[in-house]
Amino acid sequence: MNSIKCIKSVLKDIKLYSISIDTFELEIQYTIKKYKGDVTLIIFPLLKIFKKPLKEIGQELGNNIKKKLSFIKSFNVINGFLNLEFKDEYYLELLLKMKQGLFKINKKKHRPLLMIEYSSPNTNKPLHLGHIRNCILGQSMSNIFDTIGYKVIRTQLINDRGIHICKSMVAWQKLGQSKTPQNTNIKGDHFVGKYYVEFENLKRKEIERLLSLGYNYSEAEKKSTIMQSVRETLRKWENGDNYTIEIWNKLNKWVYEGFEETYRRLGITFDEVQYESNTYILGKKIVKEGIQKGIFYKKYDGSVWIDFKNQTLNRKLLLRSDGTSVYLTQDIGTAVERFRKYPIDKLIYTVGEEQNYHFKILFIILNRLGYPWYKKLFHLSYGMVNLPDGKMKSREGTVVDADDLMSKMHNTAMSITQKLGKLKKCSKQEQYQLFEKIGIAALKYYILKVNPKKSIIFDPMESIDFKGCTGTYIQYTYARICSLKIKSMQIKKKYDISISLNMYERTIIKMLEQYISIIKSVANNLDPSILANYIYNLAKKFNDFYQNINVIYEINENKKYFRIKLSSMVGYILKNGMELLGISMLERM
RNA sequence: GGUUACGUAGCUCAAUAAGGAUAGAGCAACUGCCUUCUAAGCAGUUGGUUGCAGGUUCGAAUCCUGCCGUGACCA
């Protein structure tokens, strides 16, 4: 229980002028720096109830609380604020009670089941910065839910079928039949992505030629031989043509090998993978059943629609007139399949905000189809990652590639480390690990510290910082703490609670006690930036303390033990918190 | 045109769910601090009409209304 909850609970039993307080909307918060005290009650609302001067009400309430709680040292009333000051012993005892490993919250026998989907790439292109945001949001949220007691299934849904992969297939058959990622030494996903780009080039040339012959754009697209072969490939694929399927499998396999490598480097893991090629048929079937039930209707051309009969939601297509499915159809199939397979209590889709409308509609449709679990669906929506002059565009080659960016971060970490002269006794391999961990941490933290709802503007010309509010700063703070711990190995004594605390120490303990509520609020808001900012603030407060107060050189042994314990608790929470965000720490740097 | 999200210091962000005290950090710029625990650090200076105008309230960056701007989606 943290100190605010503690005060809250005692308020229930307090009567003021023979009226019980009952915590009616009495807000309690930590006292701001400027005033003396630890916890503040905002007592303005009591004015209306008691119709007495605030000063008097505050005094009365303060006295009552002080009588009930022995650890209240003093209190003061300023305007409508009642500030309570705690005794040092309270904090000293609090720290003694904190144990490392404390933060496995809710070790109940029954763990509710969370399925969380993230990444969900197409198979025609390598992953880019947008995917990185998606992956680390999903990964960190799944870690958070795991600590608060959920059983978590991490999944990705791969969009492995459709016109886009057919384009790569056609271009590869035309230009690169004998080539493979192995014999060209190109990473698999980049290899396939290259043919996607080649395809677009071929198509553009052909269309330009047709336009110059006087056709309009849609005529040109119809007449284009290369587009014809794409459509032919898609048709063959849907009909299960062996040769087409073989090529499809071959290219997708290369892509998966490439993705695998990127995920490994980023530290992203999955418990299972789902493929749209497996679920779109179920989606179609359910839609057809929905027609029988009168939920959907068929137009004269055979296409299937839903009408929301609502001013803000428009009617929506579910099956095209040729019977092929759209994204919505596939997502219906995928959701139903998931709930058939597992007793899911919560399903989170980590998908960009451009799909807000899509998911709103998907959830409504599943409700109308009569699935009671539609209430368990959540869309973790996040803003786009843009460049200073707008969207990343693959056609203009402005897409920030995930692999390139990670390598760039690695190299920057290397050059900064060298400049600082910190490369003393490491092997080459250790050095590589060091740069990798520093670089990836800086990248991840840069993205995670921003509220997911906001869009991020990433300027490729400006490098991501390694000082200030960064992942590196937190790693560095942790390394300092590790070094302190090594130098104080032999000291394992407990301190006694007779010592007095300075303001640095008090501030830190107050922050430590908030950790659990921070984690819960991350889960409630689906927002890891809350944790990222908390960790930074804790690290900052620790550096304040570290720079101004001696730990190992402290003469008073009792104080020294206390400070070592305090530092190591900070270290523990920094590490634990960063790991929840999916960022690794370093013991030395 | 409709729906929705966002708008805070030169730049990047925090505080907004659930209103609270003089709106906090970092970067950039400038000034100090390594013969005691890692200077990727610490201390300090400069920088704000919280897009604009109203409203509710003891109290508004936060809630409400209208407008302006930007993005996304739907058409």
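First the proteins, then the strands, lettered A, B, ... as listed; each starts at 1.
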* Does A/Lys422 place a side-chain N or O at less than 4.0 Å from the phosphate oxygens OP1/OP2 of B/rA40? -> yes
* Give a yes/no verdict on a cation-pi contact between A/Lys316 and A/Phe308, requiring under 6.0 Å between NZ or CZ and the six-membered ring centre and an angle within 45° of the axis. => no
* Whole angstrom value for the distance that separates C1' of B/rU62 from CD of A/Glu27 -> 12 Å
* Asked: Side-chain contact, heavy-atom cut-off 4.5 Å: A/Ile438 with A/Gln475?
  -> yes
* Asked: If you look at every strand shown and take non-hydrogen atoms under 4.0 Å, does A/Asp527 touch a base, only sugar-phosphate, or nothing?
  -> nothing
* B/rA18: pairing nucleotide in any strand, Watson-Crick or G-U under 3.5 angstrom -> none
* Can you tell me how far P of B/rC13 sits from NZ of A/Lys453, to the nearest Å? -> 15 Å
* By centroid distance (under 5.5 Å) and plane angle (under 30°), are A/Tyr357 and B/rC74 in a stacked arrangement? -> no
* Structure fact -> Of A/Cys469 and A/Tyr476, the one whose closest nucleotide on RNA chain B sits nearer the 5' end is A/Cys469
* Do A/Ser567 and A/Phe545 have side chains that get closer than 4.5 Å, going by heavy atoms? -> yes
* Asked: Which value, in whole Å, describes the distance between the C1' atoms of nucleotides B/rU50 and B/rG44?
  -> 26 Å
* To do: Assign A/Thr470 to base, sugar-phosphate, or nothing according to its heavy-atom contacts below 4.0 angstrom with the strands shown.
  => nothing
* Asked: Nearest to the side chain of A/Tyr546, which nucleotide is it out of B/rA21, B/rA39, B/rC42?
  -> B/rA39
* Spacing of A/Asn79 atom CG relative to B/rG19 atom P, expressed in whole Å -> 20 Å
* Sugar-phosphate, base or nothing in reach of A/Asp544, heavy atoms under 4.0 Å -> sugar-phosphate
* Asked: So what does A/Asp465 hit on the nucleic acid, given a heavy-atom distance under 4.0 Å: a base, only sugar-phosphate, or nothing?
  -> sugar-phosphate
* To do: Compare side-chain N and O positions of A/Arg315 against OP1 and OP2 of B/rA75 and report whether any pair is under 4.0 Å apart.
  => no
* Nearest to the side chain of A/Met589, which nucleotide is it out of B/rG20, B/rA40, B/rU36? -> B/rA40
* Does a side-chain N or O from A/Lys449 land closer than 4.0 Å to OP1 or OP2 of B/rA25, or not? -> no
* Look through every strand shown and name the nucleotide pairing with B/rG54 as Watson-Crick or G-U wobble, where both distances are under 3.5 Å. => B/rC64
* Asked: Given that both distances must come in under 3.5 Å, which nucleotide forms a Watson-Crick or G-U wobble pair with B/rU3?
  -> B/rA72
* Asked: What does A/Leu47 touch in the nucleic acid at a heavy-atom separation under 4.0 angstrom: a base, only the sugar-phosphate, or nothing?
  -> nothing
* In whole Å, what separates the P atom of B/rU4 from that of B/rC64? -> 12 Å
* Asked: Hey, does the side chain of A/Lys419 come within less than 4.0 Å of B/rA40's phosphate (OP1/OP2), counting only N and O?
  -> no
* Rounding to the closest angstrom, what is the interatomic distance between B/rC63 and B/rG7 at atom P? -> 10 Å
* To do: Classify the nucleic acid contact of A/Asn451 as base, sugar-phosphate or nothing, counting any heavy atom under 4.0 Å across all strands shown.
  => sugar-phosphate
* Between A/Ser483 and B/rU38, is there a side-chain N or O to OP1/OP2 distance below 4.0 Å? -> yes
* Rounding to a whole Å, what distance do you find between A/Leu54:CG and B/rC58:C1'? -> 8 Å
* Give none if B/rC33 has no partner; otherwise give the nucleotide forming a Watson-Crick or G-U wobble pair with it, both distances under 3.5 Å. => B/rG41
* **Whole-Å C1' distance, B/rG48 and B/rG41** => 28 Å
* Rounded interatomic separation in angstrom, taking NZ from A/Lys360 and C1' from B/rC74 -> 11 Å
* Kindly give the heavy-atom pair with the smallest separation between A/Ile148 and A/Ala523, and that separation in Å. => CD1-CB, 3.6 Å
* Asked: Less than 6.0 Å separating the ring centroids of A/Phe145 and A/Tyr150?
  -> yes
* NA contact type, A/Ile447, heavy-atom cut-off 4.0 Å: base, sugar-phosphate, or nothing? -> nothing
* Asked: Between B/rA40, B/rA21, B/rC6, which one does the side chain of A/Thr472 approach most closely?
  -> B/rA40
* Structure fact -> Closest to the side chain of A/Tyr536, out of B/rA25, B/rA28, B/rC73, is B/rA25
* A/Thr31 side chain, from C-beta outward: closest of B/rC74, B/rA21, B/rA72 -> B/rA21
* Asked: Does the ring of A/Tyr35 lie flat against the base of B/rA21, closer than 5.5 Å centre to centre with planes under 30°?
  -> yes
* Asked: Between the main-chain N or O of A/Ser529 and the side-chain N or O of A/Asn533, is there a donor-acceptor pair closer than 3.5 Å?
  -> yes
* To do: May I ask you to verify whether the side chain of A/Thr40 and the base of B/rA21 hold a donor-acceptor pair under 3.5 Å?
  => yes
* Asked: Looking only at atom C1', what distance separates B/rG26 and B/rU46, rounded to whole Å?
  -> 15 Å
* Structure fact -> Mate of B/rU49 across any strand shown (Watson-Crick or G-U wobble, both atom pairs under 3.5 Å) is none
* Asked: Can you tell which of A/Tyr382, A/Tyr118, A/Phe359 makes a ring-ring contact (aromatic ring centres under 6.0 Å, His included) with A/Tyr349?
  -> A/Phe359
* To do: Pick base, sugar-phosphate or nothing for A/Glu554, based on heavy-atom distances below 4.0 Å to the nucleic acid.
  => nothing
* Structure fact -> Taking for A/Ile438 and for A/Lys33 the nucleotide of RNA chain B with the nearest heavy atom, the one nearer the 5' end belongs to A/Lys33
* Structure fact -> Judged by whether its glycosidic angle lies within 90° of 0, B/rC27 is anti
* Structure fact -> A/Tyr553 atom OH is separated from B/rU38 atom C1', nearest whole Å, by 12 Å
* Asked: Among B/rA25, B/rA40, B/rA21, which nucleotide sits nearest the side chain of A/Lys540?
  -> B/rA25
* **A/Lys55 NZ to B/rC58 C1', straight-line distance once rounded to whole Å** => 17 Å
* To do: Could you work out which one of B/rC58, B/rA21, B/rC42 sits closest to the side chain of A/Lys48?
  => B/rC58
* Does A/Lys454 have a side-chain nitrogen or oxygen under 4.0 Å from the phosphate oxygens OP1 or OP2 of B/rG7? -> yes
* Count the heavy atoms of every other residue, nucleotide or ligand shown that sit under 6.0 Å from NZ of A/Lys408, and state whether that count exceeds 12. => yes
* Asked: Does a side-chain N or O from A/Tyr473 land closer than 4.0 Å to OP1 or OP2 of B/rC42, or not?
  -> yes
* Closest to side chain of A/Leu420, choosing from B/rA72, B/rA40, B/rU38 -> B/rA40
* Rounded to the Å, how far apart are A/Gln29 CD and B/rA17 P? -> 13 Å
* Considering only the P atoms, how many Å lie between B/rA43 and B/rA25, rounded to the nearest integer? -> 10 Å
* **Inter-nucleotide C1' distance (B/rU62, B/rA18), Å rounded** => 11 Å
* When the aromatic ring centroids of A/Tyr476 and A/Tyr473 are compared, is their separation below 6.0 Å? -> no
* Structure fact -> What one should report as the nearest heavy-atom pair of A/Asp459 and A/Pro388 is CG-CG, 3.7 Å
* Among the nucleotides B/rC58, B/rG20, B/rG41, which one has an atom lying closest to any side-chain atom of A/Gln547? -> B/rG41
* Asked: NA contact type, A/Asn550, heavy-atom cut-off 4.0 Å: base, sugar-phosphate, or nothing?
  -> base
